*Asks:* 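Take this structure first; my questions come after.
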Amino acid sequence: MNLITRGFHGRRGGDPARIPPGQYEAHDFPVLSVGPTPRVDTDDWAFTVTTETGTAHSWTWDEFLGLAQERPHVDIHCVTRWSKLDTDWVGVSVDTLLADVESTADYAVAHSYGGYTTNLPLEDLTDGQAWIVHTFDGEPLAAEHGGPARLLVPHLYFWKSAKWVKGLTLTPGDEPGFWEQAGYHDYGDPWREQRYRGD
Amino acid sequence: MTRPTRLDGNVLAGPLSEVFSVDLTAAARLCSVCGDEGVCAQLLVYADGPGLVARCPGCAVLVLRLVRTPHGVVLDLGGTGCVTIPLGEEP
Ligand SMILES: [Zn+2]
């Protein structure tokens, strides 16, 4: 019956209300890089939160996988104008990673293997808005897409979702990252088309 | 899966011509990190996003970031080497 088919597929894709201005819906998953793809063995991987006082909290890969796992189902938006709807990830909420961290910082810088950085207000990383993810579409996250683990902040342009992430540094002030220094927008809200500094 | 695209430094000629009156892709570069000597056309260029990133072919250090925005061209020359720009012979 048509009704069942429609119900089963739900509103998957094709919903213009979910595509921000200036974006189109992509069905593949383009790869964007600013350098060689780091190959990080999970035996050597660690994730570290460093506070503004220098206190560090670190997790090995096994410790990270032992934390509460969440399954975000989200739409993502790249500044190169593609959006991808209904993406499925598995990972750890940034709230979980910050649960025992004492800080009065208002900002964070995400650091990646390979040297990439990006800055975000801490309030955009908390309250269920951001994850460190290791699985995409049921498979371990491929190195080209940021594996073994990447940041996922779906409500901002995807350059904020740092690939190969290895840590967050909490900072009292805003410290522009790799693209933000070079003219990309400091915040990057796709619904307000904040692509470039001055937008 | 889509692969990242890595290009050579010749793709910088167009964007840089908005800023410089000489063709920097023909300029020789001496890397201050690894000592690599080559012309800028041999740089490794990542041009997937609105911004361009160029890296040293010897050590992959960041050489250049260039972002063309509606408000201007943002150019970071990185400070990881010097380029020598050939000038015409004196008459
Ligand atoms: Zn070099």
Side-chain angles (χ1 to χ4, degrees), chain A residues 22-23 26-39 77-82 84 87 112-118 136-137 139-147 157-164 176-186 188 190 193-199, chain B residues 1-12 14-20 24 29 31-34 36 38 40-81 83:
Chain A
Q23 300 287 111
H27 295 282
D28 58 348
F29 193 170
V31 172
L32 283 76
S33 286
V34 299
T37 297
R39 305 285 166 176
H77 311 290
C78 180
V79 70
T80 59
R81 300 188 179 275
W82 57 265
K84 192 170 173 61
T87 61
S112 296
Y113 292 100
Y116 183 76
T117 58
T118 188
F136 170 71
D137 220 5
E139 303 285 342
L141 186 59
E144 285 78 9
H145 287 299
Y157 280 128
F158 217 42
W159 86 76
K160 296 286 186 181
S161 293
K163 301 202 277 190
W164 315 295
F178 183 89
W179 281 129
E180 294 84 0
Q181 292 167 15
Y184 283 27
H185 197 276
D186 195 61
E193 282 210 80
Q194 293 176 334
R195 301 176 191 276
Y196 302 107
R197 187 187 304 151
D199 283 352
Chain B
M1 179 174 300
T2 317
R3 293 282 162 183
T5 49
R6 196 187 74 193
L7 308 169
D8 70 39
N10 286 301
V11 302
L12 297 172
L16 285 176
S17 70
E18 284 195 290
V19 185
F20 297 111
L24 276 185
R29 172 179 177 273
C31 183
S32 60
V33 177
C34 74
D36 184 82
C40 291
Q42 294 168 321
L43 295 171
L44 309 179
V45 177
Y46 298 82
D48 298 324
L52 292 174
V53 175
R55 293 183 179 275
C56 174
C59 67
V61 73
L62 183 67
V63 175
L64 171 151
R65 282 179 288 188
L66 188 153
V67 178
R68 179 78 163 81
T69 84
H71 319 290
V73 177
V74 184
L75 177 63
D76 167 24
L77 283 171
T80 54
V83 293

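Computed over heavy atoms, backbone and side chain alike; hydrogens, waters and symmetry mates excluded. None of the values given here were measured: they were computed from a predicted structure. Numbered from 1 within each chain, the chains take letters A, B, ... in sequence-line order.
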*Asks:* Mark yes or no for whether Arg6(B), through its side chain, and Ser33(A), through its backbone, hold a donor-acceptor pair below 3.5 Å.
*Replies:*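 Checked: no pair found.
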
*Asks:* Heavy-atom distances under 4.5 Å only: say whether Leu44(B) touches chain A with side chain, backbone, both or neither.
*Replies:*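 Looking at Leu44(B), nothing touches chain A.
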
*Asks:* Report the C-alpha distance between Val74(B) and Gln181(A) in whole Å, list the side-chain angles of each, state the deciding distance to 0.1 Å, and finish with yes or no for side chain to side chain contact (heavy atoms under 4.5 Å, CB included).
*Replies:* CA-CA 9 Å; Val74(B) 184; Gln181(A) 292 167 15; over 6 Å; no

*Asks:* Highest number of heavy-atom pairs under 4.5 Å with chain B: which of Cys78(A), Gly183(A), Ala182(A)?
*Replies:*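 Top option by heavy-atom pairs under 4.5 Å: Ala182(A).
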
*Asks:* Any side-chain to backbone donor/acceptor pair from Tyr184(A) onto Val67(B)? Under 3.5 Å, distance only.
*Replies:*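 No: the side chain of Tyr184(A) does not pair with the backbone of Val67(B).
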
*Asks:* If you compare all heavy atoms of Pro50(B) against all heavy atoms of Tyr196(A), which two are closest, and at what distance to 0.1 Å?
*Replies:*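 Taking Pro50(B) first and Tyr196(A) second, the nearest heavy atoms are CB-OH, 3.1 Å.
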
*Asks:* Could you go step by step and tell me if Arg55(B) and Val34(A) meet the side chain to side chain contact (heavy atoms under 4.5 Å, CB included) rule?
*Replies:* CA-CA 9 Å; Arg55(B) 293 183 179 275; Val34(A) 299; 4.2 Å; yes

*Asks:* Can you tell me how far CH2 of Trp159(A) sits from CG of Asp48(B), rounded to the nearest 0.5 angstrom?
*Replies:*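 Taking CG in Asp48(B) and CH2 in Trp159(A), the distance rounds to 15.5 Å.
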
*Asks:* Flag the pair Asp199(A) / His71(B) as yes when at least one side-chain heavy-atom distance between them is below 4.5 Å, and no otherwise.
*Replies:*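 Touching, per the 4.5 Å side-chain cut-off.
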
